[in-house]
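See below for the structure under consideration.
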Amino acid sequence: MADHIFPPHKRRMPELSRRGFLISACAAGAAFGFPRQGVASMDPGVASGLPAAAVGARYEPTIWYWIDSTGQVNVNVTRAEMGQHVGTAIARILADELGADWKDVHIEHVDTAAKWGIMVTGGSWSVWQSWPLYRQAGAAGRLALAEKAAALWGIAPADVTVSGGVVSGAGKSATFGELVSQGLTRSFTEEELKALPLRPRAEMKLLGQQLEALDIRAKTTGQTIYGIDARAEGMVHAVPILPPTRYGCAITAIDDSAAKGIKGYSQVLKIEDPSGTAPGWAMVIADSHWAAEKAAAAIKVSYSTPDAVKVGEAELQAENLRLIEDPATGAILDTGNHDVDPVFAGAADVLQADYSTQTVLHFQLEPLNALAFLNPDGVWEIHTGNQWQSLCLPWLQQALGVGEDGVVMRSYMLGGGFGRRLNGDYAVPVALASKALGGKPVKMVMPRAEDVHFDSVRPPTLSRVRMAFDGAKKVVAMDTACASGWPTKAMIPVFMPKGVNGAPYDPFASDGADHWYEVGAQRLRAISNELAEATFRPGWLRSVSPGWTNFAIESFMDEAAHHLGQDPLQFRLDHFTAEGRNAGAAPDSVGGASRQAAVLKRVAELSGYGKGGLPADTAIGIATTFGQARTMPTWVGGAVQVHVDRATGQVDVQKVWLVVDCGTVVDPDGARAQVEGGAQWGISMALYEGTEFAKGAVVDRNLDSYTPLRMIDAPQIEIEMVESTEVPTGLGEPGTTVMAPAIANAIFNAVGVRMRHLPISPDAVLKALKA
């Protein structure tokens with residue numbers, strides 16, 4: 001970033017009102033308050049976190065930003081910031097369309113006022129969904145400024161240009177601030193916004209350029225305020241005591257006699273949760289976190305327990321298998337001609353394989369935390385970092401027994417999310433503890449072991465893939481069944497669409513399996529594991545289902561090519577015909593399978609796939625995925641070079657090549673960081689990460705036994721972003737999805753064994769080599 005640093009600009013901070021709650025940031029020694037009810041919550045670009053106040057006149061073309069009389073452009077962001085610089089990307093879209101000067105732009109991560117609509121940060125959706133919205137908003141301001149200048153100068157708005165924070169025409173010019181100071185009242189209806197002409201791409205000067213992220217200074221100087229930093233005057237601390245299993249446990253007795261001598265210990269609360277989010281919880285209250293944690297270790301809690309205490313990983317996978325082998329189970333997705341049974345019955349040859357994955361944990365760096373209290377206006381304030389405020393709010397309302405206006409969530413930066421903070425369940429018991437104490441501020445930081453015990457894990461999964469061939473070795477049908485716990489079913493079932501057989505399904509447990517290959521008749525069956533749903537709360541974890549469905553599909557495509565004696569690269573390319581449902585469509589998947597073929601072909605060239613010349617037991621494997629969903633594909637070609645140690649079974653990932661077509665690259669540094677981080681996550685899940693359920697809970701609770709990818713094992717990564725003017729799609733997760741199959745295919749090329757279970761452990765490799 002050293003070559004792209006711009007001088008900081010001054011921002012005036014609002015005065016804190018008496019009714020604002022002050023929250024001190026320990027590291028920065030700053031004050032973080034919320035002086036205006038229902039207004040934006042945080043500017044992550046300043047040490048205090050306080051959003052900037054407009055100076056003088058303030059013009060709001062839409063609710064998404066304002067411009068003041070000094071020319072400041074304040075962009076309102078509903079997305080959560082967890083290291084991906086999402087606010088910078090969104091502000092860049094708006095600023096470029098508006099014609100703002102980047103040094104005048106800043107961002108606010110807003111609270112949960114109803115006017116902001118649905119607030120969610122996940123699915124690699126943020127830039128993709130924000131692109132049309134913020135371009136329209138920027139165009140509205142640009143038109144209003146042009147019309148104002150044109151009226152003042154007696155010229156037509158079409159003769160006015162807006163660029164770099166200056167409006168020009170007929171030899172005259174004015175800054176944004178000067179025009180706002182003279183009064184701007186132009187408003188726009190929804191229909192008018194959608195009809196506004198947008199800038200030609202050739203006129204957009206910020207997209208794809210190296211710019212300083214708006215929040216980078218505070219992050220790199222340690223001044224950014226995270227949820228774990230939240231403080232409120234007079235608050236007490238809480239540490240939870242959790243039940244043995246997620247569901248069905250009830251507290252029968254609490255003995256805190258051993259804790260009463262601990263200095264700072266106050267009491268233990270038995271949480272009664274009307275929302276059903278946190279059954280069987282107790283909260284230990286003390287005047288410091290450490291006193292609460294020490295007391296929690298001394299308190300004895302007895303429970304009545306459910307049948308879930310008998311459930312382990314083996315039982316969950318056995319249920320996955322039982323469900324897959326029952327043809328009546330599951331939802332059938334719309335893949336065109338899904339009547340595959342007659343085709344398989346008449347096939348000259350059939351290939352079948354099963355692929356499985358173990359339970360995976362999130363282990364975000366910042367432990368789960370929340371601060372809750374009843375403010376002087378009678379509104380419950382929940383201060384925390386969260387990825388899906390709109391999902392959590394109804395739980396909080398139900399738990400606290402209040403209406404929509406009774407709870408507001410204040411947005412903080414997230415020290416890692418990876419999908420864990422899409423589920424804001426951890427905020428509910430904190431709010432209930434505060435309610436039990438009469439609205440007193442209660443701050444909870446979950447110790448790591450409790451954080452993991454309460455995790456919304458990626459569940460154990462099983463995929464069965466079958467392919468039918470005719471006498472000429474042509475692919476004539478493909479049948480895929482995917483079984484797992486469903487996160488959307490567990491937390492927001494109304495979001496589930498229905499399959500062609502009328503059964504609902506979870507896209508986040510089936511995306512990726514509905515591939516872009518032409519395979520003749522094609523059936524995809526998505527199956528919910530009810531045993532998993534009853535045992536724990538399945539969660540969304542970075543890459544969600546494409547992280548395991550693509551492992552199955554791309555491993556199987558490799559197997560099918562070898563089964564037919566064909567080159568795996570050419571076999572894939574031959575089936576990317578880009579016809580019919582695989583042709584793609586505007587605005588999000590223009591080009592369809594042809595774009596996926598292009599990134600695959602390019603990554604093969606880049607990596608030297610198939611050219612040989614590598615040391616013994618070393619090879620390159622390829623795979624290709626399309627990001628998160630067919631509705632917003634990011635096309636990825638991946639190649640991985642591995643070396644397999646035949647004596648130990650250790651797999652060494654030496655180098656990774658990725659070619660990514662995400663349409664327009666909005667923020668090049670952010671894009672590469674997302675892809676690189678996603679790839680590392682994919683390697684980690686492919687080779688290192690995996691726990692098991694036993695007695696209804698995960699076995700591994702900390703990083704001594706759960707061992708993600710370490711820095712020493714991180715490979716060299718070469719990334720090529722395809723230049724494009726198409727709609728930008730997501731980048732948070734696509735880099736993850738291609739890694740596991742590419743690694744598995746590379747292992748086969750290196751030593752001739754097929755690995756069909758994740759993680760691929762050294763013991764599993766040795767066993768396969770011996771077999």
>> Side chains of Met478 and Thr335, heavy atoms from C-beta outward: is any pair under 4.5 Å?
In response: no
> Say you draw a straight line from OG1 of Thr736 to CH2 of Trp681; how long is it, rounded to the nearest 0.5 Å?
Replying inline: 8.0 Å
>> Show, in sequence, the C-alpha distance, side-chain angles and deciding distance for Asp700 and Ser705, and conclude whether the side-chain hydrogen bond (donor to acceptor under 3.5 Å, both in side chains) test is met.
In response: CA-CA 6 Å; Asp700 298 291; Ser705 59; 2.8 Å; yes
> Is any side-chain N of the basic residue among Arg756 and Glu559 closer than 4.0 Å to the acidic one's carboxylate O?
Replying inline: yes
> Is a donor on one side and an acceptor on the other found under 3.5 Å between the side chain of Asp511 and the backbone of Ala629?
Replying inline: no
> Is Asn529 close to Pro459 at the side-chain level, that is, under 4.5 Å between some pair of heavy atoms?
Replying inline: no
>> Ignoring hydrogens, what is the shortest heavy-atom contact between Thr461 and Ser484? Give both atom names and the distance.
In response: CG2-CB, 3.8 Å
>> Once salt bridge (charged side-chain N to carboxylate O under 4.0 Å, His left out) is applied, what residue pairs with a partner in residues 519-531 remain, sequence neighbours excluded?
In response: Asp341-Arg523, Asp479-Arg523, Lys489-Glu530
>> As a quick check of understanding, evaluate side chain to side chain contact (heavy atoms under 4.5 Å, CB included) for Leu391 and Leu422, giving each step before the final call.
In response: CA-CA 8 Å; Leu391 176 65; Leu422 283 165; 5.6 Å; no
>> Between Thr329 and Asp326 (side chain of the first, backbone of the second, donor and acceptor by atom type, cut-off under 3.5 Å), is there such a pair?
In response: yes
> Asp354 side chain to Ser356 main-chain N or O, any donor-acceptor pair under 3.5 Å?
Replying inline: no
> If you draw a 6.0 Å radius around CG in Asp405, do more than 12 non-hydrogen atoms from other residues or ligands fall strictly inside?
Replying inline: no
> Of Glu554, His515, Gln596, which is the lone residue that meets side-chain hydrogen bond (donor to acceptor under 3.5 Å, both in side chains) with Thr624?
Replying inline: Gln596
> Can you tell if the side chain of Pro487 reaches within under 4.5 Å of the side chain of Trp540, non-hydrogen atoms only?
Replying inline: yes
> Under 3.5 Å, side chain of Arg458 to main-chain N/O of Ser545, donor-acceptor pair present?
Replying inline: no
>> Can a side-chain donor-acceptor contact be found between Ser124 and Glu733 if the only test is distance below 3.5 angstrom?
In response: yes
> Rounded to the nearest 0.5 Å, what separation is found between the CH2 atom of Trp548 and the CD atom of Gln358?
Replying inline: 15.0 Å
> Can you find a pair of side-chain heavy atoms, one from Val452 and one from Val698, that are under 4.5 Å apart?
Replying inline: yes
> Distance under 6.0 Å and angle within 45° of the ring axis: does Arg466 meet both against Phe344?
Replying inline: yes
>> Can you see whether Thr625 engages Asn550 through a side-chain donor-acceptor pair at a distance of less than 3.5 angstrom?
In response: no
> Are the side chains of Arg464 and Glu325 in touch, meaning some heavy atoms are under 4.5 Å apart?
Replying inline: yes
> Just checking, is any N or O donor in the side chain of Asp339 or Asn337 under 3.5 Å from an acceptor N or O on the other one?
Replying inline: no
>> Tell me whether Asn582 contacts the main-chain N or O of Ala593 through its side chain, where contact means a donor paired with an acceptor under 3.5 Å.
In response: no
> Does the cation-pi check pass for Arg79 over Trp131, that is, NZ or CZ under 6.0 Å from the six-membered ring centre and within 45° of its axis?
Replying inline: no
> Judged by modelled atom types alone, do Thr634 and Thr729 share a side-chain donor-acceptor pair under 3.5 Å?
Replying inline: yes
>> I'd like to know if the side chain of Gln398 reaches the main chain of Leu396, judged simply by a donor and an acceptor atom lying under 3.5 Å from each other, with no hydrogens or angles considered.
In response: no
>> Quick one, Leu323 with Leu321, criterion side chain to side chain contact (heavy atoms under 4.5 Å, CB included). Give me CA distance, side-chain angles, the key distance, then yes/no.
In response: CA-CA 5 Å; Leu323 291 165; Leu321 180 60; over 6 Å; no
> Can you find a heavy atom in the side chain of Met119 that is under 4.5 Å from one in the side chain of Thr112?
Replying inline: yes
> Considering all heavy atoms of both residues, which atom of Gly227 and which atom of Asn369 are nearest to each other, and what is their separation?
Replying inline: C-OD1, 3.0 Å
>> Does Trp388 form a ring-ring contact (aromatic ring centres under 6.0 Å, His included) with Phe495? I'd like the steps, not just the answer.
In response: CA-CA 14 Å; Trp388 196 347; Phe495 268 38; 5.6 Å; yes
>> Looking at every heavy atom in both Tyr706 and Thr691, which two are closest together, and how far apart are they?
In response: CE1-N, 3.9 Å
> Under a 4.5 Å cut-off applied to non-hydrogen side-chain atoms, are Leu531 and Val311 in contact?
Replying inline: yes
>> Tell me if a side-chain donor or acceptor on Asn501 pairs with a main-chain N or O of Ile332 at a distance below 3.5 Å.
In response: yes
> What's the verdict on side chain to side chain contact (heavy atoms under 4.5 Å, CB included) for Tyr355 and Leu462, showing C-alpha distance, side-chain angles and the deciding distance?
Replying inline: CA-CA 6 Å; Tyr355 305 87; Leu462 182 64; over 6 Å; no
>> Applying side-chain hydrogen bond (donor to acceptor under 3.5 Å, both in side chains) to Glu689 and Ser684, what does each step give before you reach the verdict?
In response: CA-CA 6 Å; Glu689 290 192 52; Ser684 191; 2.7 Å; yes
>> Could you report the tightest heavy-atom contact between Ala80 and Thr121, atom names first, then the distance?
In response: N-OG1, 2.6 Å
> Would a 4.5 Å heavy-atom cut-off, applied to side chains only, mark Val428 and Ser275 as touching?
Replying inline: yes
> Any idea which heavy atoms bring Met755 and Phe551 closest together, and the distance?
Replying inline: O-CZ, 3.7 Å
> How far does OG of Ser390 sit from CD1 of Ile118, to the nearest 0.5 angstrom?
Replying inline: 6.0 Å
>> To the nearest 0.5 Å, what is the distance between CG on Leu400 and OG on Ser434?
In response: 8.0 Å
>> Distance check, rounded to the nearest 0.5 Å: Leu333 atom CG versus Ser510 atom OG?
In response: 5.0 Å
>> Whether Glu366 and Arg421 form a salt bridge (side-chain N of Lys/Arg under 4.0 Å from carboxylate O of Asp/Glu) is what I want to check.
In response: yes
> Who pairs with Phe693 by ring pair (Phe, Tyr, Trp, His ring centres under 6.0 Å), at least two apart in sequence or on another chain?
Replying inline: Phe536
>> Taking the cut-offs as 6.0 angstrom to the six-membered ring centre and 45 degrees off its axis, would you call Arg630 and Trp516 a cation-pi pair?
In response: yes
> Between Asp455 and Arg420, is the closest basic N to carboxylate O distance under 4.0 Å?
Replying inline: yes
>> Using a 3.5 Å distance criterion without hydrogens, assess whether the side chain of Asn320 forms a donor-acceptor pair with backbone atoms of Pro460.
In response: yes
> Among side-chain atoms of Arg537 and Tyr247, is any donor-acceptor pair under 3.5 angstrom?
Replying inline: yes
> Which heavy atom of Gly730 sits nearest a heavy atom of Trp128, and at what distance?
Replying inline: N-CB, 4.5 Å
>> side-chain hydrogen bond (donor to acceptor under 3.5 Å, both in side chains), that's the test. Do Ser302 and Thr252 meet it? Break it down for me.
In response: CA-CA 5 Å; Ser302 302; Thr252 57; 4.6 Å; no
> Any sub-3.5 Å donor-acceptor pair from Glu315's side-chain atoms to Gly312's backbone N or O?
Replying inline: yes
>> Is there a side chain to side chain contact (heavy atoms under 4.5 Å, CB included) between Trp281 and Asp273? Walk through the geometry before answering.
In response: CA-CA 9 Å; Trp281 274 54; Asp273 181 9; over 6 Å; no
> Distance only, no hydrogens: is a donor on one side chain within 3.5 Å (strictly under) of an acceptor on the other, for Glu692 and Thr359?
Replying inline: no
> When rounded to the nearest 0.5 angstrom, what distance separates CZ in Arg322 from CD in Glu319?
Replying inline: 4.0 Å
